[in-house]
Amino acid sequence: MSKQLDTTFDPAAIEAKWYSHWEESGAFRPERPDAEPFTIVNPPPNVTGSLHIGHALDNTLQDIVIRYERLKGKDALWVVGTDHAGIATQMVVERQLEERQDKRTNYSREEFVQKVWEWKEESGGTITRQLRRLGCSMDWSREQFTMDEHFTKAVLKVFVDLYNDGLLYRDKRLVNWDPKLKTAISDLEVEQQTIAGSFWHFKYPLADGVTLDDGRDYIEVATTRPETMLADMAVAVHPDDERYKSVVGKHVILPITGRRIPIVADEHADPELGSGAVKITPGHDFNDFEVGKRAGIAPADMLNMLDGDANVCQTADGKVPEEFIGLHRFRRDGVDGARELVVQRLKEQGFLIPHVQKNKKGEEVELDAEPRQIATPFGDRGGVVIEPWLTDQWYVNAGELAKKPIAAVKSGEIEIVPKSWEKTFFNWMENIQPWCVSRQLWWGHRIPAWYGDNGECYVAMSEEEAQAQAGEGVALTQDSDVLDTWFSSALWPFATLGWPNPPQTGEVAADASASDDRGDSPQELDGAEAPLHRPADGPPPRSGEDLFSKHYPNNLLISGFDILFFWDARMMMAGYYNTGQAPWPRLYLHGLVRAADGAKMSKSKGNVVDPLGLIDQYGADALRFFMAAMESQGRDIKMDEKRVEGYRNFATKLWNATRFCQSNGIGASSTIKAPEARLAANQWIIGEVQQTVEALDAAMADLRFDAAANTIYQFTWSRFCDWYLELIKPVFADGASEIAASETRAVAGWALDQILVMLHPFMPFITEELWHALGTRNYDLILAKWPDPRASVSRDATDAIDWVIDLTTNVRSAKNELGIAPGAKLAAFLPEASDLAASTIERSSAAIERLARLTPVTIGEAPAGPAMQVTAGGDVFVIPLEGVIDIDAERARLSKALEASQKEANSLEGRLSNPNFVERAKPEAVEKAREDHAHHSGEVERLTAALARLG
RNA sequence: GGGCGUAUAGCUCAGUGGUAGAGCACUGUGUUGACAUCGCAGGGGUCGGGAGUUCAACUCUCUCUACGCCCA
């Protein structure tokens, strides 16, 4: 039953209604057991997060794809869920405790984790509600969480498998330690920032009376981190450095600690840099760690001088003076730390070499240190300087796991779109380092490793299995760490589909054979055109369904490029390792959404645009369309609210066009195939629909979201609304042919339906509303069938309409330039009519009168007197203008056109007279040049004559 | 230091080996009861600079400049 549409379109009034209708009816994953599968997994947002503009982009693109594939009849599955987000979530809960002057360590591990679960229950629905507001058609009935029981089981299995295959191991080496969060983090979670710092130069006195060749009794070293000298274990010089050759193998006595350390030769020391000698602190610097190992120092013997908070602690040799113990590594909150005290003591003892520089007046001044810009590592979550720290952690042999993904991208088995990211991908994957996967947190997947009294390690799925390995009576303690969140999310493409459980053999979709009672309703004249599918009676679950077999590998992954390494690459590694297959054949990477001025959005800058605010203001459809239209491959999107507004206007335009149709008896169409049409305008619009579907399909196949959006936008507004609706208005005038009106109602209703289907992936809410407003439907638009016009339209008909459009545009333009009232109806004469002109004037006089406002149109000579000339295709109309004519204005108009044609003709003439062009250019190009030349020459002739006639 | 990307109309951006398009903004105008969240018409660009390849370059190659991002 069609219903009268309100005169204004109010997005808020329809969005909630349709979303809950879709979700409740199971439309997001209709029962299609025999259909080709199409699968996307959603990048799981942090469970306690909320929707930001980047999510809006990412999810809009995915929803467009999934709705498109669903309309094309596929068994489209969009897997959704949330990520437990170890560090982020634990931080949120800890912050809440802090607000109450409470802290995590006041609780047992179990109590704290319980609090996190409570918070997850409380806030976990926020982002999923927001995704619904955006219109995302995910399969909520199977919503996943990375700490669900089945998912956790998969995580443990992968850990155990990797361990048993020797690809995951425990190792003592330097890690990136975040002293604020007190956990290790991976290389990817470290961000290098350049900050202002200092470069100090010190004297390290040589031991045993040794001197350098130049007589000095010390070696000069320089450092940006003086505090680490408390754990120095060597001084390195380049093996070829003549200045130091004589002292290699000798020793220095460290000031402050009095530690006796060797001078070693190592190529790490750069003779060009500073003095050429560098202090070596293997326990607190990644480069020094390697130097230390080369110098024969075992990691276990490397001195450590910092605790987990990065406060100074006693080294194993007990040489750190008491006054340093407990100091923070450097000045913090206005309190000096070990760095400042080391500098002070060295200066007092005469070991500081001052930095001399000139001040503004040109006078030499002495500073303790040289000011410098220093690349400094920061933790991406905690925001404090990372401390390289020697600990035992679990590592994944990423280099081994990266091999298959690299080969897959090289061979094209996995396509990265846009391709320009491939190089970045290879660059990282080919230089990948062992991945530190253990985290010293409480919230997350606990590492399935148990230790015996003597440190023996047992890795197993459960404590029982570990106990079985260890044997009776061995007391076991479980590793207290949890896994990196990305270790689990790497399994998302398959663990969400039931992996590793073998498919259940139970009855599959018992009602699959339920009667097929569609297609026989009066609406479905074309029986074969029934919708392929319909929603299940209720949402799944469908026990026994083997999702993994059917939906893995997935078909596509869409993500921001910012998580290419964090997530996408690791899914590839996990996919190949665990399933032997790529997780998906295609990876689409989109950019960032930036603020209007191009700056990165950030809370601290206060330039964050809230997508929910935009939805409130313009509607979800407008925001979605904006995202699609702006998404060209490989470029960031700048926020442009005016443009969102423009797409809200587009929605209003469609709304009003539909109201017009309603008021003329145009309603829901009954066929998917284009209706039979005789009238030129109707044939023309059918042809236009056909072209639009083809262009849209091509754009979607290439994932050109901008091209797809623009295609349907232009068709709807510039073709359907601007021309077609105007062309058919005369058909509904009083006294017009009922046969013509009837045909036009059928075609217009059909064309409008095709618009709704094609636009639906981009603007799901308004299209569904209009779909139902136009008449009774057997199924919702979300489950309709993609256009398939299967029509052939006559060239004569489309030429006729193109001719009318050309005529109309030219008449309007001429009137405008001559200052003639746009509404004025004028008589026109066509001295020499082409066949096309003659038949079109015959068939479409009403349209010519209404649009071009020419009536009557006479084929024959015009009476003598002032007139203007207007062309349509090759036909030249003469329009007498006695009384209203402004001869000067018409002369100016013709002169301008003449000048343009003359210029074109000259240019083409030049090209055609160049033998090189005629001989060597493609024949089509030459032919086109000839045609254009003929046309412009003709115009020159015509316009010259017309000007002469004006006098 | 290495890698990648971008420079096209006032703004935000598409684009193709045969001398350029969209949306917004701007100017003029308002005729037909879908729509002023609109219609119609129009102005506006030596496609960052330079060189090369080509009959032909905004499009391909090199180079320079500016900006951005990633990695070290």
Side-chain angles (χ1 to χ4, degrees), chain A residues 5 7-10 187-188 190-192 286 375 377 418-428 431 561-562 564-565 591-592 594 596-600 618-619 622 625-626 629-664 666 704 706-707 709-711 713-714 717-718 721-722 725-726 729-730 733 808-825 849-851 853 903-904 907-908 910-912 914-922 924-926 928-929 932:
Chain A
L5 289 166
T7 46
T8 52
F9 165 51
D10 176 16
D187 296 346
L188 280 177
V190 176
E191 289 175 354
Q192 296 289 338
F286 287 100
K419 206 173 164 58
S420 52
W421 283 103
E422 282 186 2
K423 209 155 188 173
T424 307
F425 173 81
F426 290 135
N427 215 314
W428 188 69
N431 296 293
F561 66 73
D562 51 329
L564 172 59
F565 304 144
L592 258 47
R594 298 178 166 273
D597 62 358
K600 223 172 181 169
Y618 303 106
F625 205 90
F626 165 79
M630 298 300 286
E631 176 58 23
S632 61
Q633 292 173 3
R635 203 194 263 261
D636 287 347
I637 293 177
K638 266 183 213 164
M639 199 55 228
D640 183 355
E641 210 172 311
K642 290 291 288 178
R643 193 130 177 185
V644 182
E645 187 187 341
Y647 293 126
R648 189 272 319 266
N649 295 352
F650 173 58
T652 304
K653 183 80 181 176
L654 177 64
W655 183 270
N656 285 316
T658 305
R659 287 177 54 228
F660 168 80
C661 289
Q662 270 193 333
S663 67
N664 284 287
I666 295 164
R704 286 306 307 245
D706 54 347
N710 289 330
T711 296
Y713 179 96
Q714 291 298 340
W717 201 317
S718 307
C721 292
D722 287 350
L725 292 185
E726 296 303 324
K729 277 178 182 173
T808 303
T809 305
N810 291 342
V811 169
R812 284 171 177 168
S813 175
K815 276 179 164 175
N816 194 280
E817 286 185 57
L818 295 185
I820 300 168
K825 289 197 175 174
E849 175 176 350
R850 189 182 180 91
L851 298 182
R853 303 191 77 70
K903 196 176 154 200
E904 274 300 305
S907 152
L908 288 160
R911 205 187 305 174
L912 286 164
N914 176 357
N916 274 326
F917 173 68
V918 181
E919 284 161 26
R920 311 183 66 162
K922 283 178 295 191
E924 311 92 86
V926 178
K928 171 128 193 329
D932 291 351

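Chain A is the first sequence line, chain B the second, and so forth, proteins listed ahead of strands; every chain is numbered from 1.
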Nucleotide nearest [X] (side chain, heavy atoms from C-beta), chosen from [options]:
{"X": "Ala921(A)", "options": "rU12(B), rC55(B), rC13(B)", "answer": "rC55(B)"}
{"X": "Thr652(A)", "options": "rU37(B), rA14(B), rG18(B)", "answer": "rU37(B)"}
{"X": "Asp640(A)", "options": "rU12(B), rU29(B), rA34(B)", "answer": "rU12(B)"}
{"X": "Phe917(A)", "options": "rC55(B), rG23(B), rA34(B)", "answer": "rC55(B)"}
{"X": "Ser813(A)", "options": "rG42(B), rC4(B), rA34(B)", "answer": "rG42(B)"}
{"X": "Arg920(A)", "options": "rC55(B), rC35(B), rA22(B)", "answer": "rC55(B)"}
{"X": "Arg635(A)", "options": "rC4(B), rA22(B), rU6(B)", "answer": "rU6(B)"}
{"X": "Lys642(A)", "options": "rG18(B), rC24(B), rC55(B)", "answer": "rC24(B)"}
{"X": "Asn427(A)", "options": "rC13(B), rA34(B), rG3(B)", "answer": "rG3(B)"}

Using atom [atom1] of [X] as one end and atom [atom2] of [N] as the other, report the distance to the nearest whole Å.
{"X": "Arg911(A)", "N": "rG17(B)", "atom1": "CZ", "atom2": "P", "answer": "16 Å"}
{"X": "Lys729(A)", "N": "rG39(B)", "atom1": "NZ", "atom2": "P", "answer": "11 Å"}
{"X": "Asp722(A)", "N": "rU31(B)", "atom1": "CG", "atom2": "P", "answer": "19 Å"}
{"X": "Glu919(A)", "N": "rU54(B)", "atom1": "CD", "atom2": "C1'", "answer": "15 Å"}
{"X": "Asp706(A)", "N": "rG15(B)", "atom1": "CG", "atom2": "C1'", "answer": "10 Å"}
{"X": "Phe565(A)", "N": "rG3(B)", "atom1": "CZ", "atom2": "C1'", "answer": "11 Å"}
{"X": "Asn431(A)", "N": "rG1(B)", "atom1": "CG", "atom2": "P", "answer": "20 Å"}
{"X": "Asn656(A)", "N": "rC38(B)", "atom1": "CG", "atom2": "C1'", "answer": "9 Å"}

Can you find a side chain N or O atom of [X] that sits less than 4.0 Å from OP1 or OP2 on [N]?
{"X": "Lys815(A)", "N": "rU29(B)", "result": "no"}
{"X": "Arg812(A)", "N": "rG39(B)", "result": "no"}
{"X": "Arg659(A)", "N": "rA34(B)", "result": "no"}
{"X": "Trp717(A)", "N": "rG39(B)", "result": "yes"}

Regarding Arg911(A) and the six-membered ring of Phe917(A), is the cationic atom NZ or CZ under 6.0 Å from the ring centre and inside 45° of its axis?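 The answer is yes; both the distance and angle limits are met.
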
Going by the angle between their ring planes, with limits at 30° and 60°, are Phe650(A) and Trp717(A) parallel, tilted or perpendicular? parallel

Looking at every strand, decide which applies to [X] at a 4.0 Å heavy-atom threshold: base, sugar-phosphate, or nothing.
{"X": "Lys922(A)", "result": "base"}
{"X": "Thr7(A)", "result": "nothing"}
{"X": "Cys721(A)", "result": "base"}
{"X": "Asn914(A)", "result": "sugar-phosphate"}
{"X": "Glu645(A)", "result": "nothing"}

Expressed in whole Å, how much space separates the [atom1] atoms belonging to [N] and [M]?
{"N": "rU8(B)", "M": "rG43(B)", "atom1": "P", "result": "23 Å"}
{"N": "rA57(B)", "M": "rC47(B)", "atom1": "C1'", "result": "11 Å"}
{"N": "rU53(B)", "M": "rG68(B)", "atom1": "P", "result": "35 Å"}
{"N": "rC4(B)", "M": "rA41(B)", "atom1": "P", "result": "47 Å"}
{"N": "rC58(B)", "M": "rA9(B)", "atom1": "P", "result": "15 Å"}
{"N": "rA51(B)", "M": "rC71(B)", "atom1": "P", "result": "38 Å"}
{"N": "rU32(B)", "M": "rA20(B)", "atom1": "C1'", "result": "35 Å"}
{"N": "rU6(B)", "M": "rA14(B)", "atom1": "P", "result": "9 Å"}

With a 3.5 Å cut-off and heavy atoms only, can you find an N or O donor on one side and an acceptor on the other between the side chain of Lys653(A) and the base of rC35(B)?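 Between rC35(B) and Lys653(A), which were checked side chain against base, a qualifying N/O pair under 3.5 Å is present.
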
Answer yes or no: side-chain N or O of Arg853(A) and base N or O of rU32(B) forming a donor-acceptor pair under 3.5 Å. yes

Can you give me the closest heavy-atom contact between [X] and [Y], atom names plus distance?
{"X": "Ile637(A)", "Y": "Met630(A)", "result": "CG1-O, 3.7 Å"}
{"X": "Phe625(A)", "Y": "Ala709(A)", "result": "CZ-O, 3.2 Å"}
{"X": "Leu912(A)", "Y": "Val926(A)", "result": "CD2-O, 4.3 Å"}

Tell which nucleotide pairs with [N], taking only Watson-Crick or G-U wobble pairs whose two distances are both under 3.5 angstrom.
{"N": "rA36(B)", "value": "none"}
{"N": "rG17(B)", "value": "none"}
{"N": "rU31(B)", "value": "none"}
{"N": "rU54(B)", "value": "none"}
{"N": "rC67(B)", "value": "rG5(B)"}
{"N": "rG45(B)", "value": "none"}

Backbone of Leu592(A) reached by a side-chain donor or acceptor of Asp636(A) within 3.5 Å: yes

One thing to verify: whether Asp706(A) and Arg704(A) come together as a salt bridge, which I'm taking to mean a side-chain N less than 4.0 angstrom from a carboxylate O.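 Asp706(A) and Arg704(A): salt-bridged.
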
Can you confirm whether or not the ring centre of Tyr713(A) sits under 6.0 Å from the ring centre of Tyr647(A)? yes

Of Asp187(A) and Ser632(A), whose nearest nucleotide on RNA chain B comes first from the 5' end?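 Whichever sits nearer the 5' end wins; that is Ser632(A).
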
The residue, Lys423(A) or Arg648(A), whose nearest nucleotide of RNA chain B is more 5′ is Lys423(A)

Identify, with sequence neighbours excluded, every residue that meets ring pair (Phe, Tyr, Trp, His ring centres under 6.0 Å) alongside Phe660(A).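 So Phe660(A) forms no ring pair (Phe, Tyr, Trp, His ring centres under 6.0 Å) with any residue.
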
